[in-house]
Number of protein chains: 2
Amino acid sequence: MKKKVTHEQTRVLNRQLVTKTIYDAGEISRAEVARVTRLTRPTVSDLVAELMSQRLVVEVGYAPSTGGKRPMLLRIDADAQNTISIDLSRKDFCGAVLDLRGEVQHREYRRWRNDRPSLDLIFELVDSLVAAADRPLLGIGVGTPGLIDAAHGVVVAAVNQEWTNVPLRQLLEERYGVPAYVANDCQAAALGEFTFGNVNGVQDLVVISVGWGIGAGIVVNGQLLHGTPFGAGEIGHIVVAENGERCSCGGFGCLETVSSSQAIVRQVHALLARRGDPRVISPEQVSFDRVCELFHEGDAEVREVVRAAGRGLGTVAAYLVGVLGIYHLRFAGQVTAIGPFLLEAVREEMVRLLLPALADEAQLEFATLGSDIVLKGASALVLHHELGVL
Amino acid sequence: MKKKVTHEQTRVLNRQLVTKTIYDAGEISRAEVARVTRLTRPTVSDLVAELMSQRLVVEVGYAPSTGGKRPMLLRIDADAQNTISIDLSRKDFCGAVLDLRGEVQHREYRRWRNDRPSLDLIFELVDSLVAAADRPLLGIGVGTPGLIDAAHGVVVAAVNQEWTNVPLRQLLEERYGVPAYVANDCQAAALGEFTFGNVNGVQDLVVISVGWGIGAGIVVNGQLLHGTPFGAGEIGHIVVAENGERCSCGGFGCLETVSSSQAIVRQVHALLARRGDPRVISPEQVSFDRVCELFHEGDAEVREVVRAAGRGLGTVAAYLVGVLGIYHLRFAGQVTAIGPFLLEAVREEMVRLLLPALADEAQLEFATLGSDIVLKGASALVLHHELGVL
DNA sequence: TTAGATAGTAAGCTTTACTTACAAAGTAGT
DNA sequence: ACTACTTTGTAAGTAAAGCTTACTATCTAA
């Protein structure tokens, strides 16, 4: 639904435009901002004064003259404010205080009690983080698995079905008095990679997160594709294997039964058991780290398992490229430890399913943000909405 | 890239908001518009006065009182202006003059000369349509196959490679002095169906056009997904058949070799030839209409061909639903003549590839606009941009 | 030393939506 | 029928925010 436009919104948008211009430039003068944004110099001066009164922008000294009065350079003070991020994607809730560059300043964990998540645990975590933050808070960002109504910040359904229709955004905003934003963890990860992952000039990006589960986050034209009512990027239970294994969802051959870290571990365990390998008794004893070791040792059968996992991802990747016309793909999560071999397997399958010209054009990489990707993404969520940084 | 906001833009957006509100309501009073849009009554009065001076809105009489002065009802005068639409998807360029309801008032064709398209042919067609229009022109919309840079209205590459980087929008705007918009034909079709196809309250829709080629148009949150740099919805050459037939693109088993109208005709022809059916000699003599006849006569082998075509579409549809989380799908183009049997085949494959709950939720229908879908879509393109009707 | 260029600011203008107030025209209760 | 109250639509003035014009402070270059 469209909405009316007021003067106040005009101001907010232009302030965001100036903020973004300074953010992107690093250091820039008022006059240059005016040229770039096509706002007039007086307007820019006025907006900058507002940002400086919030300590968000600081003057950092004169640049050399270009034929007249020397320009005073402006910079975003990334230490002026903090954001708080929460990553609920593991049984060990993780939260952090970050600066405006998306750098983690302080980090805490809260493990589920009685093997169940609870809102109280989140509040306990955020309480502690609020106390740890030493700057004014810009906002709180949350990345969580499950189906999220991002527009209203409501957790419509979490995977474990413990939570339904929890108005998390509202709860956080009321309790802490700052803006809060909630998104699916994979979508947050994609936004994080897009914002902080050195994607020079790229406006469209898909990030496929592969860990316990598998999900995709899609950034189109610099914006997250949310998808209603089911959520975009819910690719874990698309069938990619004919006559595949039974999945926890009830289906057979879902992507998660082929390519998730657990699926890989399970298959490698079966492999070792079949060999009668004395090193292994239960699946719990074959960790993903151990699989990576075996893989890097060059175990041929393990490589085949990994290759199959990569091709499963390739199937979905091919459709993402074909359907959306986006050709920047990055993979995040535990499987990044496997390395380039995985990407080759992905591409192998893409070449089979797409026009070769298209498949060649696709850029397959690993995400650069590591295990903090969801935290940084949740922070990016706040930065995007509050500062309009892209 | 973000842009600055001016007072003028504020005005434009609020005028569009009022226009859309009246358009959607059919008949509505100023006071009611103010309540719906949350603009104030004086502002609405002012904007309505502007729209009335353009004859775009007219007063149509009093409604009964609801406890006070009777409200004066307003309506969009759909005959106040015309749009011109061009459909370049066949070797017989089609153009039309439409009213603001998207109804075709006048239609003309221009057949390719020497089996080649040409810009002159377009200009000739539009010249004639401009002369035929009896109202002021709101704008010109074009739906054309190929890769389109919709933001700039440039035909980056047409399928037949005759055209590359043709700045069609600019050419039309300079020649006719009215706004012009260019989009891919399948995307235009999707926007047309979204705008005029009775999608009550739905904000996300995928339209899959199946004719000579196959393409999808994706509407997310009321907006067309354009996709850069390759274009979204280019699904014709995704591989859906293992060991499939050779495609004109060089690949094997592309969707177009399985599910396009030509593919169906070709397979039915092969079938009849194998049978030694005396009715058929060359593929040209087996038209798609003839295939439909045979299908409706209940020819079992023809049904199997159609079923395979449906399942090919189902594969891609499953990924569209899975990846985008959009569950309204409509099919357009020649294959609509086949009827519900096709949709059943599509769903059959979707059930196999998706969580059954998801596949059940998917709404599969045929588009309602028939063969004018691209024309109406091109018109919708103009309405969306100029009037902000959605 | 001077002419010209550039950066930043100050004061007033313009656009546009909002506020307040009011007239016109209806309903409902007495 | 009269009064009190609602609702619609408009008029006049106010407020927000970007724009225009003009000015000062510097700096470069001839």
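A note on names: the letters A, B, ... follow the listed sequences, proteins ahead of strands, and every chain is numbered from 1.
One can place CD of A:E27 at 17 Å from C1' of C:dA7, the figure rounded to the nearest angstrom. At whole-Å resolution of the value, CZ in A:R70 and P in C:dA7 are 13 Å apart. Here the P atom of nucleotide D:dT8 and the CD1 atom of B:I28 are 11 Å apart, to the nearest Å. One can place CG of A:D46 at 16 Å from P of C:dG12, the figure rounded to the nearest angstrom. For A:K4 and C:dC18, the NZ to P distance is 4 Å, given to the nearest whole Å. Going from atom CZ of B:R41 over to atom C1' of C:dT20 covers 11 Å, rounded to whole Å. Atom-to-atom, CZ of B:R38 to P of C:dA17 comes out at 17 Å; the value is rounded to the nearest Å. Look at CG on B:L39: it is 15 Å from P on D:dT10, rounded to the nearest Å.
Contact check, A:N14 against D:dG18: a side-chain N or O comes under 4.0 Å of OP1 or OP2. For C:dT9, the OP1/OP2 oxygens have a side-chain nitrogen or oxygen of A:S45 closer than 4.0 Å.
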For nucleotides 12-16 of chain D, tabulate all protein N/O to nucleotide N/O atom pairs closer than 3.5 Å, reporting atom names and distance.
none

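Comparing C:dG8, C:dA17, D:dG18 by their nearest atom to the side chain of A:T43 picks out D:dG18. The side chain of A:T40 lies closest to D:dC19, out of D:dC19, C:dA25, C:dT9. When each of C:dC18, D:dC19, D:dT26 is scored by its nearest atom to the side-chain atoms of A:T6, the top-ranked nucleotide is C:dC18. When each of C:dA7, D:dT8, D:dT10 is scored by its nearest atom to the side-chain atoms of A:T66, the top-ranked nucleotide is C:dA7. Of the candidates C:dA17, C:dG26, C:dA7, the closest approach to any side-chain atom of B:T10 belongs to C:dA17. In this structure, of C:dT6, D:dG9, C:dA17, it is D:dG9 that holds the atom nearest to the side chain of B:A31.
At a threshold of 4.0 angstrom between heavy atoms, the contacts of B:R30 are confined to the sugar-phosphate backbone, with no base atom among them. Contact annotation for A:R35: backbone-only contact, meaning every heavy-atom pair under 4.0 Å involves sugar-phosphate atoms and none involves a base.
Without hydrogens or angle criteria, A:S379 side chain to A:L375 main chain gives no donor-acceptor distance under 3.5 Å. Under the 3.5 Å distance criterion, the side-chain polar atoms of B:N14 are matched with a main-chain donor or acceptor of A:V5. A donor-acceptor pair is defined here as one N or O able to donate and one able to accept, closer than 3.5 Å; no such pair exists between the side chain of B:D77 and the backbone of B:L56. A donor-acceptor pair is defined here as one N or O able to donate and one able to accept, closer than 3.5 Å; such a pair exists between the side chain of B:Q187 and the backbone of B:A232. Side-chain N or O atoms of B:D204 include one that pairs as donor or acceptor with a backbone N or O of B:N221 at under 3.5 Å.
Every residue two or more places apart in sequence or in another chain that forms a side chain to side chain contact (heavy atoms under 4.5 Å, CB included) with A:S45 is listed here: A:R30. With sequence neighbours left out, B:A150 forms a side chain to side chain contact (heavy atoms under 4.5 Å, CB included) with B:H226.
Sequence order on DNA chain C of the closest nucleotides to A:M72 and A:G67 puts A:G67 first from the 5' end. In terms of position on DNA chain D, the residue among A:V12 and A:G68 whose nearest nucleotide sits closer to the 5' end is A:V12.
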Between A:H384 and A:T195, is a side chain to side chain donor-acceptor pair (under 3.5 Å) present by the stated rule, with each step listed?
CA-CA 9 Å; A:H384 278 241; A:T195 308; 2.9 Å; yes
